[in-house]
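Within every chain, numbering begins at 1; the chains are lettered A, B, ... in the order of the sequence lines, protein sequences first and strands thereafter.
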Protein chains: 2
Amino acid sequence: MKPPSPTFSPLYRQIRDLAMQALASGEWQPGQAIPSEQELAVRFQVSQGTVRKAIDEMVADKLLVRRQGKGTFVATHSDPHALFRFLRLTPDSGERRALENIPLDCLHARAGQEVARNLELEPGSAVVIVRRVLRDQGVPIVADEIFLPEELFNDLDFAMLQNWKSSLYSLFETRFGQRMIHAREKIRAVAADRPAAEALGISEGTPVLLVERIAYSYAGRPVEWRRGLYLTSGHYYQNELS
Amino acid sequence: MKPPSPTFSPLYRQIRDLAMQALASGEWQPGQAIPSEQELAVRFQVSQGTVRKAIDEMVADKLLVRRQGKGTFVATHSDPHALFRFLRLTPDSGERRALENIPLDCLHARAGQEVARNLELEPGSAVVIVRRVLRDQGVPIVADEIFLPEELFNDLDFAMLQNWKSSLYSLFETRFGQRMIHAREKIRAVAADRPAAEALGISEGTPVLLVERIAYSYAGRPVEWRRGLYLTSGHYYQNELS
DNA sequence: CAGTGGTCTAGACCACCTC
DNA sequence: AGGTGGTCTAGACCACTGA
């Protein structure tokens, strides 16, 4: 009879967890190089191959990026390559262009039932609400309503949104230390209601994509909930299945 | 000056390609165990570690499945675990149930411009067209129109669809040797037209998801194109972003 | 028990980048 | 030249499965 080992965790996974801590604690900053595999092997007292396997997993999760001959870097939303990682909207013809970000307002409020549930907060908790529109060459395509725990984003205000020239997630990462690493979306087709129709410049009742997203940070904590309406007359939501 | 090596391919990738051939040729059948890592190492004259790395990639691509202590197996759509790999529709409340498949018709015809383009065929090529509905506890949820190259599916007929009790992809794999391993979807919100409304039992103009899918087989060849309409009043299309 | 995949190590060498 | 990640090997041992 052998005892069960319910908590068995291979070495490389323990190493990965230590590396995760280094990320979550801010010891390794987005865009910066982490120590070389050799250094980490010495630091963690394991072989280079084990460090390598731990990093392999994190690269697969898009937490780190390898660059041969240069080093291993912490992934960042500020990198242009990552721009479309979470926005799956593609124009019917031609390549993806960067979309213009038009903030509409930014207010501090209390979470209702739905927001609280999705952000795993108590109902009534303080939240920040951002509304904005994305435009493609002047034409509105996306209308977003974004909910954030105020605890983590208390400094966020309208001016900051207007002055920021890159993606929202890049702002969150740079100014608030909150890196979105994973998200889950629920997609439906709905008829645009009055306010949505006005924001998107379409007639009421037009079918639009309703995209609800929960985004998670390092600790697996939900840090953003957003509800977006996508106009899909000239664009489509692209998805890869495998 | 060093010459560029544009065709450099590491050993484990060459091994992977050989394994791919074994899959494509049918030497390794879906659901069956492939030779052990040791045997493959001997057969391909490389170390076990290199075989392992090749298999790692194929497992990541969901072409193979490892089972510790038992062996490595060719993935199959007949496995219940793979049932929802390509169908991302989830009920608002509760767990995913298997959906009832109701074939409507199956006819042989010629490809129009759009179908030909998506299947990479010449316009006018022979194709098989399947129309069917998926129901959740008697309620129609999905109406699909499926286009297949007749060259690969010439025996397919209505009776076969009616008698098959598992998923379509399981049928394709079992009876036609065509395994779908990857797909790309374009998703839009549209208003249901008359025929769609009738098939789904809804009123004309109701917003529905329009999901167009191209599915690819081993050689990266497009083998199926389908256009589906999804009712998203009680279900949603679930997607993971990372 | 033997056979499978899973982990870990140590060392060699290659490819790429920078100085 | 020296540092980085990338590949490949050989061998030891662990964890799981089934006869």
Each nucleotide N or O in nucleotides 10-13 of chain D that has a protein N or O under 3.5 Å away: list the pair and distance.
none

Going through the distances and angles, do B:Asn239 and A:Arg184 end up as a side chain to side chain donor-acceptor pair (under 3.5 Å)?
CA-CA 6 Å; B:Asn239 199 22; A:Arg184 182 170 295 128; over 6 Å; no
Where along residues 28-41 of chain A does a heavy atom fall under 4.0 Å from DNA chain D?
A:Ser36, A:Glu37, A:Glu39
Give me the ring orientation class for B:Tyr237 and A:Tyr237: parallel if the planes are under 30° apart, tilted from 30 to 60°, perpendicular past 60°.
perpendicular
Contact residues, residues 13-24 of chain B to DNA chain C [heavy atom, < 4.0 Å]
none
Rounded distance in Å - CG (A:Leu11) to P (D:dA15):
12 Å
Backbone N or O of A:Val46 within a donor-acceptor pair of the A:Thr50 side chain at under 3.5 Å?
no
Taking only N and O in the side chain of B:Arg66, is any of them less than 4.0 Å away from OP1 or OP2 of C:dG6?
yes
To the nearest 0.5 angstrom, please state how far the CZ atom of A:Arg135 sits from the CD1 atom of A:Ile102.
4.0 Å
Nearest heavy atom decides the nucleotide; on that basis, is B:Arg52 or A:Gly69 closer to the 5' end of DNA chain C?
B:Arg52
When you compare the side chains of B:Glu224 and B:Tyr169, does any donor N or O come within less than 3.5 Å of an acceptor on the partner?
yes
Of the listed C:dC16, D:dT7, D:dC8, the closest approach to the A:Gln68 side chain comes from C:dC16
Distance col, row A:Arg85:CZ vs A:Ile181:CD1, nearest 0.5 angstrom, shows 8.5 Å
Is any side-chain N or O of A:Lys53 closer than 4.0 Å to OP1 or OP2 of C:dT7?
yes
Could you please name the option among C:dT9, C:dT7, D:dC8 that lies closest to any side-chain atom of B:Thr50?
D:dC8
Nucleic acid contacts - residues 54-64 of chain B versus DNA chain D, non-hydrogen atoms under 4.0 Å:
none
B:Tyr218 side chain near B:Leu63 side chain, heavy-atom distance below 4.5 Å
yes
Interface with DNA chain D, restricted to residues 71-78 of chain A and to heavy atoms under 4.0 Å
A:Gly71, A:Thr72
Parallel, tilted or perpendicular: which fits the ring planes of A:Phe176 and A:Phe172, with parallel below 30° and perpendicular above 60°?
perpendicular
Are any of the side-chain heavy atoms of B:Leu209 and A:Ile187 separated by less than 4.5 Å?
yes
Does a side-chain N or O from A:Arg67 land closer than 4.0 Å to OP1 or OP2 of C:dC16, or not?
no
Check the pair A:His235 / A:Asp136 against side chain to side chain donor-acceptor pair (under 3.5 Å), numbers first and verdict last.
CA-CA 10 Å; A:His235 296 69; A:Asp136 185 2; 2.9 Å; yes
Would you mind telling me which of A:Arg16, A:Arg66, A:Arg13 makes a salt bridge (charged side-chain N to carboxylate O under 4.0 Å, His left out) with A:Asp56?
A:Arg66
Reckon A:Lys70 has a side-chain N or O less than 4.0 Å from the OP1 or OP2 of C:dT18?
yes
Would you say B:Tyr12 reaches D:dT7's phosphate, i.e. side-chain N/O to OP1/OP2 under 4.0 Å?
yes
Can you tell me if CD on A:Glu122 sees more than 12 non-hydrogen neighbours from other groups inside 6.0 Å?
no
For A:Glu212, which of A:Lys186, A:Arg188, A:Arg226 qualifies under salt bridge (charged side-chain N to carboxylate O under 4.0 Å, His left out)?
A:Arg188
Does some side-chain heavy atom of A:Leu171 sit less than 4.5 Å from a side-chain heavy atom of A:Met160?
yes
Filter on salt bridge (charged side-chain N to carboxylate O under 4.0 Å, His left out), then keep only pairs touching residues 168-177 of chain A, sequence neighbours left out; what's left?
A:Glu173-A:Arg179
Can you give me the closest heavy-atom contact between B:Val223 and B:Ser217, atom names plus distance?
CG2-CB, 3.6 Å
